[in-house]
Student: 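Have a look at this one before I ask anything.
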Amino acid sequence: MRRILFEGLMRRPLTEAAPVKDEEMLVELGASVERAARRRLGRSLSIREVDAGSCNGCELEIHALNNAFYDLERFGLHFVASPRHADVLLVTGPVTRNMREALERTYNATPDPKWVVAVGDCAVDGGIFSGSYAVVGGVSGVVPVDLHIRGCPPHPSQLLKGLLTLLEI
Amino acid sequence: MLIDTIEGKKIAGHRPHPRLVVNEDGWRFITSQLSAGYWTLLSLWGDTGAVHMAVLDASAGEIAVVTMPCPGGHFPSVGALHPPAIRLERALRDLYGLEPVGLPDPRPWLDLGFWDVQHPLGERRDAPPRRPPYAFLPAMGEGLHQIPVGPVHAGIIEPGHFRFTANGETVVRLEQRLGYVHKGIEALMAGATIDAGARLAGRTSGDSTVAYALAFARAVEAAVDVEVPPRAIYLRALMAELERLANHFGDIGAICNDASFSLMHAQCGILREKTLRVAGSCFGHRLMMDVVVPGGVARDLASGRVTEAASLLEEVGRRFPELVELYDNTASLQDRTATTGVLRGELARQFGAGGYIGRASGRAFDARKLPGYPPYDQLDFEVPVFEAGDVNARVWVRIREVEQSLALIDQVLRQLPGGAIRTTIDPAGEVREGLGMAESFRGDVLVWMRLEGSRLARCHLRDPSWFQWPLLEAVIEGNIVADFPLCNKSFNCSYSGHDL
């Protein structure tokens, strides 16, 4: 164990450079959050992830944000265990009817100010699952969405870019 | 032999295994064989006016599908004698409205009361406006308390509800309630084109997208009876083993992390990320979604990428043994994983539990060996089996499988044939049926389908988790609440694959 730890001290960090800002995402988010986020949150966001019916592909890439390469916490972003501690809900999936109420209750349990980020193609409009009896079809049909990060699943660097957009504007 | 003992009418155009239509006596006979432990239940699913089950005779190495027509809307419950069928029958009842007579647990399973329709795959009806609340099973005794968890969990994981009954720290009963991520995949499959079906199959459980796409493709190829080019067969195995590597790295790290040993988590996370990057660079998608397609693969491996895959093998081959040593030599970690969450071998066999769960409890089943599929018959590998059945054994199965996957990838890269990567699938207008199995990192995935021309009339997908989730309830009994995350992570069942 000592050797692995020692190596970690000597080796160049694996962590990658921060991604550049995405103009499209900046536009979508608009000016509404601009000053508020910086003032109220001081460049720090607590994120609660909610799987509202994803295939678990998005969860795998969201998990990757915590690895040594993407290292989310260096930007003041971190995942929390309860919606009561969260500023951001990171929602995946087409929102199944069976998860709709749970998502609403999670949203209501999150204190203001709060933002909702919908992750993945099926979180936009249900994607490949739209039209099913078991699916609402898109996160914005259930709770107000501030930002969409597309992809099936989105690359971790796209997720990082999207989340940083919340902070950097 | 399995097939010879079943009396029924053989259906033409069902490949590669036979399908037999049986009467009620035949159905009961098969149930008794399952219950006596001679055969293993591979799946049970509904159809319009009929029920099917797939059974395995492991000693003869045979698989068969049996069908019982149920014009009256009911059939003798298999679960009444063979508990592994209970949840499948509860799901079938929700989706088709067919009644398994004698089903010991008639509570709904996937229908949580939020749909507009009842029996979405059978005779659709408007859902009743109000339903009684779900009755959890009672646990009685002095000093017991309940801990409800979920569907929204504390980590970045899928939703499901766990109802613990505990006496102080000790879990007396765990009851799962799943179905929260039910997306209606089998209904979306009905009437879909083969291509659309393949994309849906690849999103049934994202972590096993290659295995699902492979099982689906193999079912299509069996149904229409086409040969896949050799190069595609080897590229499929490359992807399947990369997927297994990435998931096992993630799991080994996450299990240790649930024992608060974050060093392993960080180090395994690096290996996982490197594997995904190689997958992304070789096949254009980190999880390799939509690359395995019916008829072959959608994307060729550029010759320059072979060295990337080879250098991954070199790096993992160098780093991984250090991590294994770290795992093995950290007493405080072993203290958490050894003797925790023991799954008895007889339960693993009764439920036909696949993957690391079965193999950590002495059940050696691996779909790559039985029924077996190319190119694994040309490759040299072992199926690691442990007997202890605890969290530690499930970690060790993964460790040994990482080593086997590295060796497999090495062989694939060395033996990779040239040539075409895809054959066209041209189904004629007739009705054809196929069954495909593939070994995901989690266990055997089964896909059954009936094609009418180029469209899917019915497609059933069975995740390995169906036969693993119920065992987690058994495994946690008598353990402390704080060890549940370890037990659960060592199982790592799929919610989405199960809920469909």
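In what follows, chains carry the letters A, B, and so on, assigned in the order in which the sequence lines appear, proteins first and then strands, with residues in each chain numbered from 1.
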Student: Near B:Arg319 CZ, under 6.0 Å, is it more than 12 heavy atoms from other residues, nucleotides or ligands?
Tutor: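 Atom CZ in B:Arg319 is crowded, with more than 12 foreign heavy atoms closer than 6.0 Å.
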Student: Out of B:His265, B:Arg272, B:Arg286, which one racks up the most heavy-atom pairs below 4.5 Å with chain A?
Tutor: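 Among B:His265, B:Arg272, B:Arg286, the one with the most close pairs to chain A is B:Arg286.
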Student: Can you check whether A:Arg97 reaches B:Asp116 side chain to side chain, under 4.5 Å on heavy atoms?
Tutor: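 Yes, close enough: below the 4.5 Å cut-off.
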Student: Can you say whether A:Ile128 sits under 4.5 Å from chain B via the side chain, the backbone, both, or neither, judging by heavy atoms?
Tutor: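 Both parts, backbone and side chain.
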Student: Just give me the residue among A:Tyr70, A:Tyr133, A:Phe79, A:Phe129 that pairs up with chain B most often, heavy atom to heavy atom, under 4.5 Å.
Tutor: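 Answer, by heavy-atom pair count under 4.5 Å with chain B: A:Tyr133.
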Student: Between B:Ser496 and A:Asn56 (side chain of the first, backbone of the second, donor and acceptor by atom type, cut-off under 3.5 Å), is there such a pair?
Tutor: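 Not a single qualifying donor-acceptor pair exists.
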Student: Looking only at non-hydrogen atoms, find the nearest pair between B:Gly179 and A:Asn98 and report the distance.
Tutor: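 B:Gly179 and A:Asn98 have their closest heavy atoms at O-ND2, 2.8 Å.
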Student: Check whether A:Asp51 gets within reach of chain B through its side chain, its backbone, both or neither, counting any heavy atom under 4.5 Å.
Tutor: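 Backbone plus side chain of A:Asp51, per the 4.5 Å heavy-atom cut-off to chain B.
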Student: Please identify, among B:Asp499, B:Asn247, B:Thr330, B:Leu287, the residue contributing the most non-hydrogen atom pairs under 4.5 Å to chain A.
Tutor: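 Of the options given, most contacts go to B:Leu287.
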Student: Is it the case that atom CZ in A:Arg105 sees more than 12 heavy atoms from other parts of the structure closer than 6.0 Å?
Tutor: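 Open: at most 12 neighbouring heavy atoms sit under 6.0 Å from CZ of A:Arg105.
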Student: Under a 4.5 Å cutoff for heavy-atom pairs, which residue among B:Thr209, B:Val117, B:Ile185, B:Val181 has the most contacts with chain A?
Tutor: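 The residue among B:Thr209, B:Val117, B:Ile185, B:Val181 with the greatest pair count is B:Val181.
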Student: Out of B:His153, B:Arg124, B:Glu158, which one racks up the most heavy-atom pairs below 4.5 Å with chain A?
Tutor: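 With the most close heavy-atom pairs to chain A, the winner is B:Glu158.
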Student: If you count heavy-atom pairs under 4.5 Å between each of A:Gly57, A:Gly53, A:Ala68 and chain B, which one has the most?
Tutor: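 Going by pairs under 4.5 Å, I would pick A:Gly53.
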Student: Go through the steps for B:Arg318 and A:Glu7 under the test salt bridge (Lys or Arg N to Asp or Glu O under 4.0 Å), then give the verdict.
Tutor: CA-CA 14 Å; B:Arg318 193 161 34 80; A:Glu7 252 184 52; over 6 Å; no
Student: Which answer fits A:Ser82, side chain, backbone, both or neither, if we ask what part of it has an atom under 4.5 Å from a heavy atom of chain B?
Tutor: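 No part of A:Ser82 comes within 4.5 Å of chain B.
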Student: Measuring heavy-atom distances to chain B, does A:Leu5 have an atom under 4.5 Å in its side chain, in its backbone, in both, or in neither?
Tutor: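 Answer is side chain: those atoms of A:Leu5 sit under 4.5 Å from chain B.
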Student: Do side-chain atoms of B:Asn329 reach the backbone of A:Met1 as a donor and acceptor pair under 3.5 angstrom?
Tutor: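 No, the answer is negative, given that no donor and acceptor are paired below the 3.5 Å cut-off.
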Student: Give a yes or no answer on whether the side chain of B:Lys183 reaches the backbone of A:Ser132 with a donor-acceptor pair at less than 3.5 Å.
Tutor: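 It does not hold such a pair.
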Student: When heavy-atom pairs shorter than 4.5 Å are enumerated against chain A, which of B:Ile270, B:Leu326, B:Leu276 gives the highest number?
Tutor: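 The option with the most such pairs is B:Ile270.
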Student: Considering residues, nucleotides and ligands other than B:Arg277, do more than 12 of their heavy atoms fall under 6.0 Å from its CZ?
Tutor: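 It does: B:Arg277 CZ has more than 12 such atoms within range.
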Student: Please state whether the side chain, the backbone, both or neither of A:Thr92 comes within less than 4.5 Å of a heavy atom of chain B.
Tutor: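 A:Thr92 has no heavy atom closer than 4.5 Å to chain B.
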Student: Donor-acceptor pair, A:Thr96 side chain versus B:His182 backbone, under 3.5 Å?
Tutor: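 Judged by distance alone, no pair lies under 3.5 Å.
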Student: I'd like to know if the side chain of B:His285 and the backbone of A:Cys152 have a donor-acceptor N/O pair within less than 3.5 Å.
Tutor: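 Yes; judged by distance alone, with no hydrogens or angles, the pair exists.
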Student: Less than 4.5 Å to any heavy atom of chain B: does that hold for the side chain of A:Pro153, its backbone, both, or neither?
Tutor: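 When you check distances to chain B, atoms from both the backbone and side chain of A:Pro153 fall under 4.5 Å.
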